[in-house]
K.L.:
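Okay, handing you the structure first.
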Amino acid sequence: MKKIEVLGVTFDAGTKQAVLAQLAGRLAARQGTFVVTANPEIVMKARRDSDFAALVKQADLVTADGIGVVQGAAMLGRPLPERVTGYDLLVDLLGLANEKHLRVFLIGAKSEVIAQTAAKVQATYPQLVLAGARDGYFDLTDTSVIDAVASARPDMVFAALGAPKQEQFLTQLRAQLPHALLMGVGGSFDVLAGVAKRAPGWMQHAHLEWLYRLIKQPSRLGRMMVLPQFVFAVRKQRRAERQAHK
Ligand code: UDP
């Protein structure tokens, strides 16, 4: 798959279908895969924090989670075909796990949310094996959590711990689960459990999902201030690249 760089993060430029096909192939070959679905917030975090940037570099696949990244890539003249969100990949991968009777481990979110998520996943995808589910409120230095996930022998692990905790956790887990698909999915369990709702279709199409989330959760405003900073940084990179090509 073609690679595209946006502000120092290297994205895989594939449609959701292409990404899924690649993931299915790697799963069938028991080739371990660490997936990062990066939104502008993650890109900006990687720019500021070299430890986090090093984690993102270890990913086998980086997809554009959010229209901001797709627009940023277009501004730089390196278009990405579409956004490939963590939530959408999660849903499709659960479908694949169902079809192939794979073992899935879900880790993250608050305890009532993970309980609802686990129940919903079992009911919706009865053929997958739920190898385990636990909440995301544990300390990363507590290696018993890693050991518990690894000993459940999952084929897929979805970690909804927020960034950078989920990436830190999954890179630690990787050493013990070299053949599994590992993916951070942010707030996706809250959506799956029905605690948080995704924006209505028309708002997603109008690229207003960020506004919907802000209205529902005004405390996100501080975090959202990275969006204008992201656009500013992309413009700066575009200017620098144009200068370099003169
Ligand atoms: N979370 C967790 N453990 C923590 C901190 C957060 O499990 O130590 C969960 C939180 O409950 C939420 C998710 O991680 O379900 C992060 O959601 P957020 O909205 O930050 O994710 P985004 O989709 O914006 O990356």
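Each ligand, and each atom within it, is numbered from 1 in the order the structure gives.
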K.L.:
May I ask you to check if ligand 1 and Y137 share an N or O to N or O distance below 3.5 Å?
P.N.:
yes
K.L.:
Kindly confirm or rule out an N or O of A160 lying under 3.5 angstrom from an N or O of ligand 1.
P.N.:
yes
K.L.:
On a heavy-atom basis, which atom in V69 and which in F230 lie closest, and how many Å separate them?
P.N.:
CA-CZ, 4.0 Å
K.L.:
Below 4.0 angstrom, N of the basic side chain to O of the carboxylate: do D60 and R26 qualify?
P.N.:
yes
K.L.:
With heavy atoms only and a cut-off of under 4.0 Å, state how D190 meets ligand 1: side chain, backbone, both or neither.
P.N.:
side chain
K.L.:
Quick one, V19 and D12 - any side-chain contact, counting heavy atoms below 4.5 Å?
P.N.:
no
K.L.:
Which of these passes side-chain hydrogen bond (donor to acceptor under 3.5 Å, both in side chains) with R83: Q71, H207, E209?
P.N.:
E209
K.L.:
Side chain or backbone, does G108 bring an N or O within less than 3.5 Å of an N or O on ligand 1?
P.N.:
no
K.L.:
Out of K110, K165, R134, Q166, whose heavy atom sits nearest atom 8 (O) of ligand 1?
P.N.:
K165
K.L.:
Using the rule given for salt bridge (charged side-chain N to carboxylate O under 4.0 Å, His left out), can you reason through K16 versus E82, listing the C-alpha separation, both sets of side-chain angles and the distance that settles it, and then say yes or no?
P.N.:
CA-CA 8 Å; K16 188 182 76 164; E82 61 182 350; over 6 Å; no
K.L.:
Do L7 and M44 have side chains that get closer than 4.5 Å, going by heavy atoms?
P.N.:
yes
K.L.:
Considering heavy atoms of the protein only, find what lies nearest to atom 20 (O) of ligand 1 and give residue, atom and distance to 0.1 Å.
P.N.:
R223 NH1, 3.0 Å
K.L.:
Taking NZ, NE, NH1 and NH2 as the nitrogens, is one of them in K45 or E167 under 4.0 Å from a carboxylate oxygen of the other?
P.N.:
no
K.L.:
Do ligand 1 and E41 have nitrogen or oxygen atoms that lie under 3.5 Å from each other?
P.N.:
no
K.L.:
Pairs of nitrogen or oxygen atoms closer than 3.5 Å, one from V185 and one from ligand 1: do any exist?
P.N.:
no
K.L.:
Tell me the protein heavy atom at minimum distance from atom 23 (O) of ligand 1, and give that distance in Å.
P.N.:
G187 N, 2.9 Å
